[in-house]
Amino acid sequence: MRMIPAIDLIDGRCVRLREGNFEAQTAYDADPIELALEYAEAGAHWLHVVDLDGARDGKRRNASLITRLVEAVQERADMQVQLGGGIRNADAIASALGMGVGRVVVGSAVCANPGLLVDWLDTFNPASVVLAVDVRISDDDGRPWPWVHGWTQRADIDLWALLGAASSAGLRQVLCTDISRDGTLAGPNIALYEALRDRYPGLCIQSSGGVGSVDDLRALELVRVDAAITGKALLDGRISLDQARPWLRG
């Protein structure tokens, strides 16, 4: 399993949300570009960057910063960027890939119209497209349901139905977040990832949400998650870069 450090951006600042709530955010003094290079120097091969402004309202106020960040890591480090947040059409995917992003993360648009993913996987290299599904577990039926548009609306299709259609279309990578764990450091939803691996053994699974310790990383390894996206635990020093190195280097 590989750890992928995360940098989430609002108005050019490095932030973390708690349980997807934009009103419950923690801002960090770290410069996003310097932080990216610090992760690269520690051995990270990938960096997960989220434009939260784009995820919430489609306004790409962080586009210039992200372009400079991608250029910086390409020039000075052996690391690629995986970019998400507000990427909802083919032009946005092409623009991100054109700036040098290694993988593009799509989510809300696909949950509303799964047929879009078929077109995008035909148009772009499937290895460069990641489907992000941010879920809440229903109290009524126990099913994981995607939430979209910055985690403000529940989708009309549950996780299992969505991934069934997406995997049939040729999807290779899925990034699954349990929103209730995101930014909490309370541990990942191991049962969710175990079920995801059992149902879709051919998918590359990226987990996100809840990692707060090295033990959490070991637990994700046991259920055969391919990558663990980790943000707050690194920013808060709950996992040091020295501890993270074996997973960063993958």
Side-chain angles (χ1 to χ4, degrees), residues 1-9 13-16 26 28-52 62 65-85 96-97 99-105 125 127-130 132 172-177 181-185 187-188 190 193 197 203-250:
M1 186 188 74
R2 171 171 288 169
M3 177 196 281
I4 301 178
I7 295 177
D8 293 354
L9 299 171
R13 296 174 301 136
C14 181
V15 305
R16 292 299 298 170
T26 301
Y28 294 87
D29 291 334
D31 176 88
I33 295 176
E34 292 180 1
L35 183 61
L37 292 172
E38 183 179 352
Y39 290 149
E41 289 168 4
H45 294 288
W46 283 92
L47 176 71
H48 182 69
V49 177
V50 181
D51 183 344
L52 287 173
N62 300 293
L65 171 60
I66 292 169
T67 299
R68 289 187 285 114
L69 188 154
V70 171
E71 290 174 348
V73 299
Q74 287 179 337
E75 179 181 351
R76 297 170 53 185
D78 181 22
M79 182 168 71
Q80 296 190 71
V81 172
Q82 173 174 286
L83 176 64
L97 294 174
M99 77 165 64
V101 166
R103 291 195 294 243
V104 175
V105 180
N125 181 348
S128 66
V129 178
V130 180
R172 297 183 186 176
Q173 304 220 33
V174 60
L175 191 172
C176 186
T177 302
R181 306 294 182 102
D182 192 64
T184 67
L185 302 173
I190 297 300
Y193 299 117
R197 172 55 74 209
L203 284 179
C204 177
I205 298 171
Q206 299 181 23
S207 69
S208 176
V211 169
S213 69
V214 168
D215 286 342
D216 291 334
L217 296 175
R218 295 189 179 113
L220 288 167
E221 276 190 316
L222 289 175
V223 294
R224 295 171 292 132
V225 165
D226 297 282
I229 293 176
T230 309
K232 188 174 177 63
L234 289 171
L235 289 165
D236 287 358
R238 296 283 292 269
I239 300 175
S240 71
L241 286 179
D242 281 342
Q243 290 175 311
R245 277 189 175 90
W247 286 285
L248 289 173
R249 293 169 178 169

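- Just one residue in the list Leu185, Leu220, Ile229 forms a side-chain contact (heavy atoms from CB on, under 4.5 Å) with Val211, and that residue is Leu220.
- A distance-only check finds a donor-acceptor pair linking the side chain of Arg181 to the backbone of Gly187 [under 3.5 Å].
- Remark: Gln173 pairs with Arg103, Val130, Cys204, Gln206 by the side-chain contact (heavy atoms from CB on, under 4.5 Å) rule, at least two apart or across chains.
- Between Arg218 and Trp247, the closest heavy-atom pair is CG-CZ2, 4.1 Å.
- When all heavy atoms are compared, the tightest approach of Ile205 to Val225 is O-CG1, 3.5 Å.
- Qualifying salt bridge (Lys or Arg N to Asp or Glu O under 4.0 Å) partners for Arg249, counting only residues two or more places apart in sequence or in other chains: none.
- Counting all heavy atoms, side chain and backbone alike, Val105 lies closest to Gly84 at CB-CA, 3.7 Å.
- A search for side chain to side chain donor-acceptor pair (under 3.5 Å) contacts involving Thr177 returns Asp134, Ser208, not counting sequence neighbours.
- For the side chain to side chain donor-acceptor pair (under 3.5 Å) test, residues two or more places apart in sequence or in another chain that qualify with Asp242 are Arg245.
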N/O donor-acceptor pairs under 3.5 Å from side chains in residues 233-241, not counting sequence neighbours:
{"residue": "Asp236", "atom": "OD1", "partner": "Tyr28", "partner atom": "OH", "Å": "2.8"}
{"residue": "Asp236", "atom": "OD2", "partner": "Lys232", "partner atom": "NZ", "Å": "3.0"}
{"residue": "Ser240", "atom": "OG", "partner": "Gln243", "partner atom": "N", "Å": "3.1"}
{"residue": "Ser240", "atom": "OG", "partner": "Gln243", "partner atom": "OE1", "Å": "3.4"}

Side chain to side chain contact (heavy atoms under 4.5 Å, CB included) for Arg197 and Asp226? Distances and angles first, verdict last. CA-CA 10 Å; Arg197 172 55 74 209; Asp226 297 282; 2.6 Å; yes

Does Leu217 form a side chain to side chain contact (heavy atoms under 4.5 Å, CB included) with Thr230? I'd like the steps, not just the answer. CA-CA 9 Å; Leu217 296 175; Thr230 309; 4.2 Å; yes

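- Contacts of Asp216 classified as salt bridge (Lys or Arg N to Asp or Glu O under 4.0 Å), with partners at least two apart in sequence or in another chain: none.
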